[in-house]
Protein chains: 2
Amino acid sequence: MAPAPLTPLGYALLGLVHQQPRSGYDLRRLFESTPMAYFSSSPGAIYPALDRLERGGFVAGRVDARQPLRPRKVYEATSKGAEALRAWVTKPVVHEDLVRREGELDLRFAFLGGIGGPADSRRFLERLATEIDAEVRRLEQHLAGMRAVATLHGRLALESGIELYKARARWARRALRHFDTGARRGPRRGRKP
Amino acid sequence: MAPAPLTPLGYALLGLVHQQPRSGYDLRRLFESTPMAYFSSSPGAIYPALDRLERGGFVAGRVDARQPLRPRKVYEATSKGAEALRAWVTKPVVHEDLVRREGELDLRFAFLGGIGGPADSRRFLERLATEIDAEVRRLEQHLAGMRAVATLHGRLALESGIELYKARARWARRALRHFDTGARRGPRRGRKP
DNA sequence: GTATGCATGTAATACGTTACATGATTGT
DNA sequence: ACAATCATGTAACGTATTACATGCATAC
C-alpha cells in the first residue's frame with residue numbers, strides 16, 4: 001500500500017520531468033537559474049536521485065545519442081510516476097506540511113496546475129488557508145502565554161512566524177478567486193452574484 | 001580558521017543550552033511543545049547531536065544525580081560554544097540565508113537577544129530587509145520574464161514566495177523600531193524627531 | 001593552448017529518520 | 001497489573017553535501 005514515499009527532491013524532479021522530458025543537466029540548470037534554487041543543483045544530489053526514480057519505475061530515461069557531445073540521458077515520467085505525483089499534489093494539506101514542509105507547498109501547488117482541475121486547486125487552497133488559520137491561533141495563544149516570561153527577541157521572532165503564515169493565508173484566499181466555481185476561465189471579473 | 005560549522009540543529013541546541021542549562025529531555029520537550037517544532041524532537045537526532053557538541057567542546061554536560069529517576073545529563077555552553085554561537089547569530093545575512101536557510105533566520109534573531117546589543121539587532125534587521133528587497137526584485141523580474149510562458153499555477157506559486165518575502169521585510173522594518181538609535185529601552189513612542 | 005560549457009557520474013562523510021531498547025517511578 | 005512519564009540511548013538505513021573525475025566541443 002504505502003508506495004515508498006519520495007523525498008522532496010524526488011518529487012521536484014518527478015514533477016519537472018512530468019511537465020516535459022528533461023535530462024539531469026537540464027534539471028541542474030533549472031535549479032541554478034530559477035527560483036527553484038531552493039533545491040541543490042549539485043550532481044551528487046540529482047543524478048543519484050534520478051537513478052532512484054528510474055529504479056523505482058517513476059521515470060524512464062532514454063539516451064539521446066545525437067552525435068555531438070557526450071550523450072544526454074532524457075527522462076520522462078511513467079504512468080506510475082504520474083500517479084505518485086498526482087497523489088502527492090492532491091493529498092490534503094495538514095498541519096505538518098506547514099511547520100516541517102513549508103517549502104513543498106508552493107511546489108505542490110505549481111505542479112497541481114498540470115495535473116488536477118480547478119476543484120483540486122480550490123480544495124488545496126481552502127484547506128491550506130484553514131490549516132494556517134488554526135496554526136496562527138495556536139501561535140498567538142503561545143505568544144500570549146509567554147508575554148511575561150519571554151524576551152523581546154523571542155517574541156519578535158514568533159511574531160515573524162505569525163506574520164508569514166498570515167501572508168500565506170492571504171495569498172491562498174486571493175489565489176482562490178482564480179478558481180471560482182462557475183468561472184469558465186481566468187480571474188476576470190468578480191464571482192457569480 | 002573555519003571552525004567546523006555546526007548543523008542547524010546543533011546551533012539550535014547550543015543556543016538553548018546557552019540560555020540556561022538543559023538536559024536532552026528538556027530539549028526534546030521544547031521541540032515538542034513550542035513553535036520550535038520545526039526541529040525534530042526524536043532522540044535519534046538530539047542525543048547524538050549533543051554528543052557531537054560535547055566532543056567538539058561547545059557544551060559541557062554534567063550528570064545530575066539527584067536520587068529519584070534515571071540520572072539527567074545537564075548541558076551548558078562553554079566559552080567556545082558561546083563564541084561559536086555569537087559568530088553564527090551576528091554573521092551578516094546573505095542571499096543564501098534567504099533561499100536555503102529561511103528557517104534559521106528567526107532562530108538567529110531570537111538568540112541574538114541574549115548575546116548582542118541593540119546595534120547587532122539593528123544590523124541584522126537592516127541587512128535582512130535589504131537582502132529581501134534585492135531578492136524580491138530578482139523574483140519580480142523573473143515573474144515578468146515568464147508571464148508569457150508559464151502556467152497560472154506557476155505564476156501564483158512564485159507570487160506566493162514574493163509575498164512571503166515582502167511580509168518578512170515588513171516585519172523586519174517594524175521590529176527595527178524596537179532598536180532605534182537613542183532609544184533607551186522598549187518600543188515606546190516614535191523615533192527621535 | 002586554455003578556459004568555458006555541455007553532460008555524466010563517483011567517493012567519503014556526516015547527518016537525520018524510524019524504530020527499538022532499557023529501566024525506574026508514579027498513577028489507576 | 002498496566003500504562004504513562006521521566007530519561008537516555010543505539011542500530012539500520014537512506015540521503016544530501018562536498019569534492020573530485022572524466023571527456024568532448026567550442027571560443028578566445
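Naming convention: chains lettered A, B, ... in sequence-line order (proteins, then strands); numbering from 1 in each chain. Keep in mind that this is a model prediction, so the values were computed, not measured.
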Q: Kindly work out whether a path of hydrophobic side-chain contacts (I/L/V/M/F/W/Y, heavy atoms less than 4.5 Å apart) joins A/Ile115 to A/Leu125.
A: yes
**Q.** Electrostatic pair A/Glu135:A/Arg168 at N-O distance under 4.0 angstrom
**A.** no
Q: Let me know which of A/Arg28, A/Arg29, A/Arg22 forms a side chain to side chain donor-acceptor pair (under 3.5 Å) with A/Asp26.
A: A/Arg29
Q) Which of the following nucleotides, C/dT8, D/dT8, C/dT17, is nearest to the side chain of B/Lys73? A) D/dT8
Q. With respect to the side chain of A/Pro43, which nucleotide from D/dT17, D/dT15, C/dG9 is positioned closest?
A. C/dG9
Q) Is the distance from OP1 or OP2 of D/dA16 to the nearest side-chain N or O of A/Thr7 less than 4.0 Å? A) yes
Q. For B/Arg100, which residues count as a side-chain hydrogen bond (donor to acceptor under 3.5 Å, both in side chains) partner, sequence neighbours excluded?
A. none
Q. So which of residues 47-55 of chain A are in contact with DNA chain D, with a heavy-atom cut-off of under 4.0 Å?
A. A/Arg52
Q: Quickly work out the B/Ile46 CD1 to C/dA19 P distance and round it to whole Å.
A: 17 Å
Q | Shortest side-chain distance from B/Arg72, nucleotide among C/dT17, D/dT8, D/dG9 | A | D/dT8
Q. So, B/Trp171 side chain and A/Leu156 main chain: donor-acceptor pair closer than 3.5 Å or not?
A. yes
Q. Is a donor on one side and an acceptor on the other found under 3.5 Å between the side chain of B/Ser41 and the backbone of B/Phe31?
A. no
Q. In terms of the nearest nucleotide of DNA chain D, which residue is placed more toward the 5' end: B/Arg100 or B/Gly44?
A. B/Gly44
**Q.** Nearest to side-chain heavy atoms of A/Leu9, which nucleotide of D/dT17, D/dA16, C/dT17
**A.** D/dA16
Q: For A/Tyr11 and D/dA16, give me the distance from atom OH to atom C1', rounded to whole Å.
A: 18 Å
Q) Taking DNA chain D as the partner, which of residues 14-39 of chain A come within under 4.0 angstrom of it by heavy atom? A) none
**Q.** Audit row: B/Thr90, B/Asp120, side-chain hydrogen bond (donor to acceptor under 3.5 Å, both in side chains) steps and yes/no
**A.** CA-CA 7 Å; B/Thr90 58; B/Asp120 294 299; 5.7 Å; no
Q) Does B/Leu112 offer a backbone N or O that forms a donor-acceptor pair with the side chain of B/Arg86 under 3.5 Å? A) no
(Q) For B/Phe124, run the ring-ring contact (aromatic ring centres under 6.0 Å, His included) check against B/Phe111, B/Phe109, B/Phe179 and tell me which one passes. (A) B/Phe109
Q.
Within the 4.0 Å heavy-atom criterion, would you say B/Ser40 contacts the bases, only the backbone, or no part of the nucleic acid?
A. sugar-phosphate
